[in-house]
Visitor: 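One structure is given below, represented as structure tokens, and several questions about it will come after.
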Amino acid sequence: MPGLESIQAMFQRTHAEGRAAFLPYFPIGYPTYAESIEAITQMAAQGVDGFEIGIPFSDPLADGPTIQAATQIALENGTTVSTALDAVRELRARDVQQPMLMFSYLNPLIAYGTDRFVQDAKAAGADGLIIPDLPPEEAHLFASACQQENMALVFFLAPTSDEQRIELVTQQATGFIYVVSLTGITGERTQLPPDLAEFITRLRKQTTQPLVLGFGISTPDHARMVNNLVDGFIVGSALVRAAQNGVDAVRQLAKDLRQAL
Amino acid sequence: MAYIDINTTNVPDERGYFGEFGGRFVPETLVPALNELVTAYEDAMKDDAFQQELAYLQRTYTGRPTPVTYAKRLSEKLGGAQIYLKREDLAHTGAHKINNALGQALLAKRMGKQRVIAETGAGQHGVASATAAALLGLDCHVYMGSVDIARQQPNVFRMKLLGAEVIPVESGSKTLKDAINEAIRDWVTNVRDTFYLLGSALGPHPYPRMVRDFQSVIGVEARQQIQEMTGRLPDVCVACVGGGSNAIGLFHAFRDDQSVDLIGVEAGGHGIASGQHAARFADLNISRPGVLHGTKSYVMQDENGQIMHTHSISAGLDYASVGPEHAYLRANERAFYTFATDEETLAAFQTLSQTEGIIPALESAHAVAEVIKRAPQMRRDQIILVNLSGRGDKDLDTVIQALGNI
């Protein structure tokens, strides 16, 4: 059941279990290719619900220092779009069954070929894509290929998004909407924004799409706080930082985050 | 030379496209801010009071109109076309960057944004932003790559004197590209109370258009001045192109003058074959249409779509992409693009200094280098108009290092 349906099935299951889906972000090629594969495999074994598979880019303008540094190392390790697709194939061969969404800035995908990327990602076993510098106005670059391949095409909403933009993103997004918790870049924060519940309520009034929260969610406490607020959440920088202490530390943090739900 | 007839006043369209180039590729957080900016800018353009305030400052503060100088000895030395210099080096702060910085700072003030951020390469836009902020009482924070900080020390000191905070950027190649990344990250974080004062004709819509409009005063003045001086239009306009704001500012007024060739000069660095340059239109093996910093244009990138490090002796041209309107003018064959190497630029830097008593910025010396190649092949009754976009005082350390004590 690959593609969009596997993401829908993920939310059906987590809704039935009365909890939010937990989707770790992890960049391919950090600290090494092998360790990134191992980290994702280990997290899968902890019962996380899906993955954002990070493709490194030289100029990641939505990312904070932790992911900037990690993806820079991934690039120095020779990681490319093709490497990331290889990683998805290898993860599927290792029986990782959770939905996987490719996370990439736009330019490497243009260089690879947008239609070709969607086709190859699907063939490799990915279920969707997330492109932080692709606004819904430019959805046409990927929309028809994604529809043809039955791949989710996720768009973002932010605290600055007004009613018109919420409507536009609701129309264009498939799979879920990535909700940016705060005005800012990725990175760990000690506290969640105080107006988060109000923000999510505002979005719920206008959209029935699943809402997946990202940016700043770092600890099991945060996971508990958002568990009943949103349909899913993403943790990136905290897991990437944990990887500095080895794959075991990534596995342990993923386990703690999952058990908080 | 036959041009395809295009009406550049039709660009950009509502989505910020110049033909297939431009657009707006930014994180969602910034889209509402860019929409707000479009509305505020269009309101300001329709407001006579705003226009009058800008014109007043241009006249009484910047020192506009800047003169056009007939370069008599340089023309005689080259033995061909007559060369005229549009003297943006004589604008307050020593470069054309003040035209845009004042316009955007006035807009920031009108929008009630007290905090202004800017990126800078050579430091000229940083100095211009710090100047405009001081004049209008705004708080200014300038992102600058640490490599550029090292090679443009006088400008770093000027920005600090003017009350701006200079924030060193240590990521990536530590030059202009990385300074823009960091400025965008700041803007995403502080978007509600911060105005991003972008310095070149690039970035997401509406920046390429807004920067062009604020710089178009260069061409409007020059077009009138050259006609008053010579009784006719020039045959060729030449300007250096990094992001391309001084060039688009000159070219815009001549867009419908089909008899006028428009020539942009990119940074040839150590030569195209070396791969160490910033000639986005000259080296199509490593430069292709792509997306960098929110706009679609030619981008120097490897086969995997990673942005390449560029090289130029001039920090202001050392950038991997180029303003989308230049890509559009090139595609339509309305403007043509060439390059000058570091070596040619240094020679031009000395030639202009010694023949005219004008020390050009290294950026502008690229345009002069093209004139040195082109003028001897033209007739004596032909005219070249060069945008001398800035003065060279800031570059003396770099030139001393390159040439030794001459």
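The figures here come from the full heavy-atom set of this structure, side chains too, leaving out hydrogens, waters and symmetry mates. Proteins get letters first, then strands, A, B, ... in listed order; numbering begins at 1 in each.
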Visitor: Just so I know, are the side chains of B/Arg185 and A/Gln68 near enough to count as touching, which here means a heavy-atom distance under 4.5 Å?
Guide: yes

Visitor: Are any non-hydrogen side-chain atoms of A/Leu141 and B/Phe25 less than 4.5 angstrom apart?
Guide: yes

Visitor: In sequence, state the C-alpha distance, the side-chain angles, and the governing distance for B/Val191 and A/Thr160, and then conclude on side chain to side chain contact (heavy atoms under 4.5 Å, CB included).
Guide: CA-CA 9 Å; B/Val191 60; A/Thr160 50; 3.8 Å; yes

Visitor: Over all heavy atoms of both residues, which pair between B/Gly290 and A/Asn107 is shortest? Give the atoms and the distance, please.
Guide: CA-OD1, 3.1 Å

Visitor: How about B/Asp178 and A/Asp59: do any of their side-chain heavy atoms sit closer than 4.5 Å?
Guide: yes

Visitor: For the atom pair CD1 (B/Ile307) and CZ (A/Phe57), what is the distance rounded to the nearest 0.5 Å?
Guide: 4.0 Å

Visitor: B/Val188 and A/Ile185: which non-hydrogen atoms are nearest, and at how many Å?
Guide: CG1-N, 4.4 Å

Visitor: Could you tell me which of B/Arg288, B/Arg192, B/Arg24 has the largest number of non-hydrogen atom pairs under 4.5 Å with chain A?
Guide: B/Arg192

Visitor: Are B/Val31 and A/Ser161 close enough that some pair of their side-chain heavy atoms sits under 4.5 Å apart?
Guide: no

Visitor: Report which part of B/Gln301 has an atom under 4.5 Å of a heavy atom belonging to chain A: side chain, backbone, both, or neither.
Guide: side chain

Visitor: Kindly give the heavy-atom pair with the smallest separation between B/Arg15 and A/Glu137, and that separation in Å.
Guide: NH2-O, 3.9 Å

Visitor: Looking at every non-hydrogen atom in both residues, tell me the closest pair between B/Glu28 and A/Phe156 and how far apart they are.
Guide: CG-O, 3.3 Å

Visitor: Among A/Ala111, A/Ala158, A/Pro159, A/Ser58, which residue has the highest count of heavy-atom pairs closer than 4.5 Å to chain B?
Guide: A/Ser58

Visitor: So do the side chains of B/Asn35 and A/Arg165 get within less than 4.5 Å of each other, counting heavy atoms only?
Guide: yes

